[in-house]
Amino acid sequence: MIILKQESGYADVKDNSFLRVNFQMEQGLPLVPKSLTFNRVKCAVSKGIKLGPTFLVTSLTGGSIVGDMAPYQAFAIGGLGSVRGYGEGAVGSGRLCLIGNCEYT
C-alpha cells in the first residue's frame with residue numbers, strides 16, 4: 001500500500017487574538033488486489049480572543065473517512081480533545097466526526 005498525505009496550515013497571531021486553521025488529507029492506494037483503499041480528511045479551526053488576562057478560545061474540528069480502514073484508526077471519541085474525563089478513544093470511535101469546543105482559560 002502507498003499512503004499519500006497532505007497537510008496544510010495557517011496561523012495568524014496578533015496581540016489580542018489568534019486564528020489557526022489546519023487541513024489534513026490521507027489517501028491509501030493498494031499495490032495488490034484486495035488491499036485496503038481509503039481516504040481520510042480532517043480539518044481544525046481555532047479562534048482565540050484575549051479578555052483581560054484570560055483567553056476565550058473556540059474551536060471546531062471535523063473529519064470523514066471513506067473506504068476501508070481499521071476501527072482503531074478511526075476518529076477517537078474521548079480524551080482531552082473531545083469528551084474530557086475519559087481516556088483517548090474510551091467512549092468509542094467513528095468514521096465521521098464533528099467536535100465543537102469553547103473554553104475560557
Side-chain angles (χ1 to χ4, degrees):
M1 172 179 281
I2 295 174
I3 297 178
L4 303 173
K5 184 173 183 176
Q6 182 272 332
E7 184 169 352
S8 299
Y10 170 79
D12 183 21
V13 179
K14 297 179 181 168
D15 289 339
N16 294 323
S17 66
F18 70 88
L19 173 67
R20 190 192 76 180
V21 179
N22 188 332
F23 178 78
Q24 300 173 0
M25 187 170 77
E26 289 180 64
Q27 178 72 53
L29 303 170
L31 293 176
V32 295
K34 297 185 181 180
S35 288
L36 299 177
T37 301
F38 68 90
N39 187 338
R40 180 196 331 225
V41 177
K42 183 177 180 181
C43 185
V45 178
S46 297
K47 173 75 175 168
I49 300 171
K50 188 171 185 177
L51 300 172
T54 62
F55 266 92
L56 178 64
V57 180
T58 57
S59 64
L60 185 63
T61 303
S64 175
I65 297 173
V66 177
D68 303 318
M69 185 174 262
Y72 65 86
Q73 292 181 328
F75 297 104
I77 303 168
L80 287 178
S82 61
V83 183
R84 293 184 185 192
Y86 291 91
E88 184 73 24
V91 176
S93 64
R95 300 175 69 79
L96 290 172
C97 177
L98 183 62
I99 300 170
N101 190 8
C102 187
E103 296 182 19
Y104 184 67
T105 58

**Student:** Any heavy-atom pair between the side chains of Y104 and V57 that's under 4.5 Å?
**Tutor:**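 A side-chain contact under 4.5 Å is absent here.
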**Student:** Identify every side-chain donor-acceptor pair in residues 28-38 under 3.5 Å, counting partners at least two apart or on other chains, and give the distances.
**Tutor:**
unit_1	atom_1	unit_2	atom_2	d
S35	OG	V32	O	3.2

**Student:** Take N22 and Y10 through the side chain to side chain contact (heavy atoms under 4.5 Å, CB included) test and state the conclusion after the steps.
**Tutor:** CA-CA 6 Å; N22 188 332; Y10 170 79; over 6 Å; no
**Student:** State, yes or no, whether a side-chain contact exists between L98 and L60 at a heavy-atom distance under 4.5 Å.
**Tutor:**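 Yes, close enough: below the 4.5 Å cut-off.
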**Student:** Within a strict 4.5 Å, meaning less than it, do heavy atoms of the F75 and I99 side chains meet?
**Tutor:**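 With C-beta onward as the side chain, the pair stays apart.
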**Student:** What's the spacing between Q27 CD and I2 CD1 if we round to 0.5 Å?
**Tutor:**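 Reported value, rounded in 0.5 Å steps: 11.5 Å.
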**Student:** Rounded to the nearest 0.5 Å, what separates atom CG in D12 from atom NZ in K47?
**Tutor:**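 Answer rounded to 0.5 Å: 7.5 Å.
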**Student:** Less than 4.5 Å apart, any side-chain heavy atom of L56 and any of C102?
**Tutor:**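 Counting from C-beta outward, L56 and C102 do come under 4.5 Å.
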**Student:** Please tell me if the side chains of E26 and I3 come closer than 4.5 Å, counting only heavy atoms from C-beta onward.
**Tutor:**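 E26 vs I3: side chains touch.
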**Student:** Between V45 and R20, does a side chain to side chain contact (heavy atoms under 4.5 Å, CB included) hold up when you go through it step by step?
**Tutor:** CA-CA 6 Å; V45 178; R20 190 192 76 180; over 6 Å; no
**Student:** Mind checking the CD-NZ spacing from Q24 to K42? Nearest 0.5 Å is all I need.
**Tutor:**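 Q24 CD to K42 NZ: 6.0 Å, rounded to 0.5 Å.
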**Student:** So, taking the atom named OG in S64 and the one named CE in M25, what distance separates them when rounded to the nearest 0.5 Å?
**Tutor:**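 So the OG of S64 and the CE of M25 are separated by 12.0 Å.
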**Student:** Just wondering, do F55 and I49 contact through their side chains at under 4.5 Å, heavy atoms?
**Tutor:**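 I49 does not reach F55 side chain to side chain.
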**Student:** Give the cluster check for L51 versus F18: same hydrophobic cluster or not, with ILVMFWY residues linked at side-chain heavy-atom distances below 4.5 Å.
**Tutor:**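 No, L51 does not connect to F18 through the hydrophobic network.
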**Student:** If I compare all heavy atoms of A44 with all of T61, which pair ends up nearest, and what's the gap?
**Tutor:**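 Closest heavy-atom pair between A44 and T61: CB-OG1, 3.8 Å.
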